[in-house]
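Step one of this worksheet: look at the structure below.
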2 protein chains.
Amino acid sequence: MARSNHQETQTVLRHWQEDVPDDRLAHLIRDAGRVLTKSLQTRLSEHSVSFGHWSFLRILWVTEGLTQRELSEEAGLMEPTTFTALKAMEANGLIERRQLNGNRKNIHIYLTQRGRDLKKTLVPLAEEINEIAVKGVDDDDLQVTRRTLLKIISNLANANE
Amino acid sequence: MARSNHQETQTVLRHWQEDVPDDRLAHLIRDAGRVLTKSLQTRLSEHSVSFGHWSFLRILWVTEGLTQRELSEEAGLMEPTTFTALKAMEANGLIERRQLNGNRKNIHIYLTQRGRDLKKTLVPLAEEINEIAVKGVDDDDLQVTRRTLLKIISNLANANE
DNA sequence: TGAAAATACTTAGATATAAAAGCATTTGGC
DNA sequence: GCCAAATGCTTTTATATCTAAGTATTTTCA
């Protein structure tokens, strides 16, 4: 598995060193995202946590009791995505879905002890990947990259208005 | 549709202007990729082309007759992804899958006239999105961003060895 | 030359994600 | 206080992608 993973990332790399198509920046950004996601996914799967669940755990480790909708906003994902992920996480014993104060509409999400405990195991994995990813990159360059990506997101947000 | 798209990208934006979690660079890269993909997807769908099909059209506009495996490599995607996409593209009349020279193993992919003609329509869409995305960004910053992303991909490729 | 190895495609099943539409509940204004 | 609008969750359906495993074909080499 590490093997084919390696081959795959090598392929992505070679691709980028060779031909440079017209919409290359978009393509490059997507590829980087894919490699990052896959690296995390591989490590998380050793703890039976999927990438999608990680996104919500991260938020819940900071704030429990949010509604599904609030979680969607925080995660930047659509509600059906959130819904499906949370249902699975409930089934896996990572969270509980509770209705409070007689309100039958809002569903609040709380971690189980198991979900809470995973923080200590999983956060270091993400930090490790970040360290690996940016090794040898100037801090200045990272700043520029962050700024550029934010600008791209903002430009497209306004254009899709 | 443009509306909810807008709201969604706005949500992503707000998210990034507010809290800054620990693995923020990875998250930021993925978000940028998602916004870029969605922008292209929206425009492509007006021509009944999905984003997945676009990836292969782009390659085929440069070189026809590649095998499925070669296309996978070029696109940086796994074979089942390629297989499924090409089957659908064949059904949509964008490509033809042919066996040559009595070789019953390799399948070579050719564009139909319709597939070929789409180039004039679709390439400008991608160019437009790129222009919008990088508007107001320094050329130098773009260079730095490209270099940084490449380095990230390369770092992770080596780490997954 | 015939069996083992390598190659190429295909199938099956899983995850991540979204759009659209439906249903139930709450809220706000008259 | 009631009804219309807004809100929040759920279902359905679709796309994009992967891993793992299966099948068929070609190549290699003993």
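The structure presented is a predicted model; accordingly, all values stated were derived computationally and were not measured. Labels below follow one simple rule: chain letters A, B, ... track the order of the sequence lines, proteins then strands, and each chain is numbered from 1.
- In terms of phosphate contacts, A/Ser50 brings a side-chain nitrogen or oxygen within less than 4.0 Å of OP1 or OP2 of C/dA16.
- For B/Gln113, the side chain to side chain contact (heavy atoms under 4.5 Å, CB included) criterion is met by B/Arg116, B/Asp117, not counting sequence neighbours.
- Distance, B/Leu57 CG to D/dA16 P: 12 Å, rounded to whole Å.
- For the pair B/Phe51 CZ and C/dA16 P, the interatomic distance rounds to 19 Å; values are reported in whole Å.
- Contact annotation: A/Thr81 side-chain N/O to C/dA18 OP1/OP2 distance is under 4.0 Å.
- B/Glu70 places its CD atom 13 Å from the C1' atom of C/dC9, with the value rounded to the nearest Å.
- Under the side chain to side chain contact (heavy atoms under 4.5 Å, CB included) criterion, B/Gln143 pairs with B/Arg146, not counting sequence neighbours.
- Rounded to whole Å, the distance from CG on A/Leu71 to P on D/dG8 is 13 Å.
- Atom-to-atom, CG of B/Leu86 to P of C/dA8 comes out at 15 Å; the value is rounded to the nearest Å.
- Residue-level contact check: A/Thr84 touches neither bases nor backbone, having no heavy atom under 4.0 Å from any strand.
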Which parts of nucleotides 21-28 of chain C does protein reach within less than 4.0 Å, heavy atoms only, written one letter per nucleotide 5' to 3' as B for base, S for sugar-phosphate only and - for none?
-> ----BS--

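- Look at CG on B/Asn92: it is 13 Å from C1' on D/dT15, rounded to the nearest Å.
- A close approach under 4.0 Å does occur between a side-chain nitrogen or oxygen of A/Gln68 and OP1 or OP2 of D/dT10.
- Of the candidate nucleotides D/dT11, C/dT10, C/dA16, D/dT11 has the atom lying nearest to any side-chain atom of A/Phe83.
- No engagement by B/Thr37 is indicated, since no non-hydrogen atom pair under 4.0 Å with the nucleic acid exists.
- Residue pairs satisfying the ring pair (Phe, Tyr, Trp, His ring centres under 6.0 Å) criterion with at least one member in residues 56-102 of chain B, sequence neighbours excluded, are listed as follows: B/Trp54-B/Trp61.
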B/His53/B/Arg58 under side-chain hydrogen bond (donor to acceptor under 3.5 Å, both in side chains): CA gap, chis, key distance, verdict = CA-CA 9 Å; B/His53 299 178; B/Arg58 267 192 31 194; over 6 Å; no

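- If you measure from atom CZ of A/Arg30 to atom P of C/dT17, you get 16 Å, rounded to the nearest angstrom.
- Under the 4.5 Å side-chain heavy-atom criterion for ILVMFWY residues, no single connected hydrophobic cluster contains both A/Leu28 and A/Val144.
- A close approach under 4.0 Å does not occur between any side-chain nitrogen or oxygen of A/Arg97 and OP1 or OP2 of D/dC9.
- Counting only heavy atoms from C-beta on, B/Ile107 has its side chain closest to C/dT10 among C/dT10, D/dC9, D/dA16.
- Comparing C/dA18, C/dA16, C/dT10 against the side chain of A/Leu77 picks out C/dA18 as the nearest.
- Residues passing the side chain to side chain contact (heavy atoms under 4.5 Å, CB included) test with A/Asp138, sequence neighbours excluded: A/Asp141.
- Shown here are the side chain to side chain contact (heavy atoms under 4.5 Å, CB included) partners of B/Thr112, two or more places apart in sequence or in another chain: B/Glu96, B/Arg114.
- When rounded to the nearest whole Å, the span between CD of B/Glu79 and P of C/dT7 equals 12 Å.
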